[in-house]
Amino acid sequence: MDTPTAPSLLTAATATASAPTTAEAATVATSDFETFLTLLTAQLRNQDPLQPLDSTEFVAQLASFSTVEQLIGVNDRLDTLQSKQAEGENLALASWLGREAADTTGRFIAGEAPTTLSIPPAEVANVSATHLLIGDSTGSEVARLPVTAGGTVDVDPEALSLAAGETYTASVEYSAAEEILATAPVPVFGRIVEVGAEADGLVLRREDGLTLSPTDVAILR
């Protein structure tokens with residue numbers, strides 16, 4: 001009867017493992033290790049006494065199996081930590097429900113009624129003119145209104161020909177003598193009504209329909 005060589009033992013013990021998940025990998029690794037030891041014992045019992053097998057091969061393969069088992073254990077612990085972290089984030093974001101959030105870029109979705117915006121005060125000196133800029137989803141400017149820094153303005157979608165349900169951005173431009181001194185996004189607030197999960201991570205949904213990630217929130221009130 002032919003006795004398998006040392007390299008074939010490793011192949012025979014791992015041939016059935018194909019892209020397992022972490023949980024499956026742990027089961028497969030344990031099963032393969034036991035199979036490997038069974039084959040190793042059988043081979044040692046049936047080896048030719050005059051030509052004993054090289055023990056170095058077996059030691060190297062045993063070390064390889066041990067390393068794989070340790071790595072699987074590390075992956076299990078990392079998965080557990082990630083799961084707990086995600087649960088903690090969900091609980092933290094759940095406390096945001098019902099609060100109002102503004103996007104870092106001033107995004108908002110036009111509705112049927114006017115939207116009241118608070119214009120940030122100028123952080124630069126010598127400002128002689130302040131304008132509210134409304135841009136569409138492509139970045140093109142669709143409206144420009146003179147406003148007062150530190151004041152409020154009602155953005156009427158009908159008067160500005162803004163399409164209901166479309167996403168726009170609001171920003172403010174500070175200038176002097178036709179020279180632009182600074183620009184900044186205008187915080188447009190919307191009430192958070194849902195916390196969900198997508199492929200890229202957790203997301204917040206506002207009552208106006210805007211979806212944003214927690215890192216997109218500029219102001220929460």
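Remember, predicted model here, so these are calculated numbers, not experimental data.
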Exercise for the section: Using the rule that two of Ile, Leu, Val, Met, Phe, Trp, Tyr join whenever any of their side-chain heavy atoms come within less than 4.5 Å, decide whether Val127 and Leu133 are in one cluster. Expected result: no
Practice task
Using side-chain contact (heavy atoms from CB on, under 4.5 Å) as the criterion, point out the one residue from Asp216, Leu204, Val203 that pairs with Thr211.
Solution key: Val203
Handout entry: Side chain to side chain, Ile119 and Thr148, heavy atoms closer than 4.5 Å
Key = no
Handout entry: Side chain proximity check, Arg206 to Phe108, heavy atoms < 4.5 angstrom
Key = yes
Practice task
Determine yes or no for a side-chain-to-main-chain donor-acceptor pair under 3.5 angstrom, with Arg191 supplying the side chain and Gly98 the backbone.
Solution key: yes
Handout entry: Side-chain (Ser140) to main-chain (Gly135) donor-acceptor, under 3.5 angstrom
Key = no
Fill in the blank from the handout: Minimal heavy-atom distance between Ala177 and Ser128, with the atoms involved, is N-OG, 3.5 Å
Problem - Shortest non-hydrogen separation from Ala163 to Ala110 and the atoms involved - result: O-CB, 3.6 Å
Problem - Spacing of CG belonging to Leu212 relative to OG1 belonging to Thr104, to within rounding of 0.5 Å - result: 8.5 Å
Handout entry: Ser118 side chain reached by Val186 side chain, heavy atoms, under 4.5 Å
Key = no
Practice task
Hey, could you give me the CG/CG distance between Leu145 and Leu160, rounded to the nearest 0.5 Å?
Solution key: 5.5 Å
Exercise for the section: Examine Val147 and Val124 and state if one hydrophobic cluster contains both, with Ile, Leu, Val, Met, Phe, Trp and Tyr joined whenever side-chain heavy atoms are less than 4.5 Å apart. Expected result: yes
Handout entry: Gap between atom CD1 of Ile180 and atom NE2 of His131 - 0.5 Å precision
Key = 10.5 Å
Practice task
Following the transitive rule for hydrophobic clusters with a side-chain heavy-atom cut-off under 4.5 Å over Ile, Leu, Val, Met, Phe, Trp and Tyr, establish whether Leu117 and Ile109 coincide in one cluster.
Solution key: no
Practice task
Treating Ile, Leu, Val, Met, Phe, Trp and Tyr as nodes and any side-chain heavy-atom pair under 4.5 angstrom as an edge, say whether Ile219 and Val193 lie in one connected cluster.
Solution key: no
Exercise for the section: Measure the spacing between CD1 of Ile134 and CZ of Arg144 and express it to the nearest 0.5 Å. Expected result: 11.0 Å
Practice task
With rounding to the nearest 0.5 Å, note down the distance linking OG1 in Thr167 to CZ in Arg107.
Solution key: 7.0 Å
Exercise for the section: Establish whether Val155 and Phe189 are linked, either directly or via other cluster members, by ILVMFWY side-chain heavy-atom contacts under 4.5 Å. Expected result: no
Fill in the blank from the handout: On a heavy-atom basis, the closest approach of Ala149 and Tyr174 is CB-CE2, 4.0 Å
Handout entry: Over 12 non-hydrogen atoms of neighbours within 6.0 angstrom of CD in Glu141
Key = yes
Exercise for the section: Taking atom CG of Asp156 as the centre, report whether more than 12 heavy atoms of other residues, nucleotides or ligands fall under 6.0 Å from it. Expected result: yes
Practice task
Measure across Val217 and Ala101 and return the closest heavy-atom pair with its distance rounded to 0.1 Å.
Solution key: CG1-CB, 4.0 Å
Handout entry: Heavy-atom check, side chain of Tyr168 versus side chain of Val188, under 4.5 Å
Key = no
Fill in the blank from the handout: Here the gap from Thr130 atom OG1 to Glu173 atom CD, rounded to the nearest 0.5 Å, amounts to 9.0 Å
Practice task
Would you indicate whether the side-chain heavy atoms of Pro185 and Pro120 approach each other to under 4.5 Å?
Solution key: no
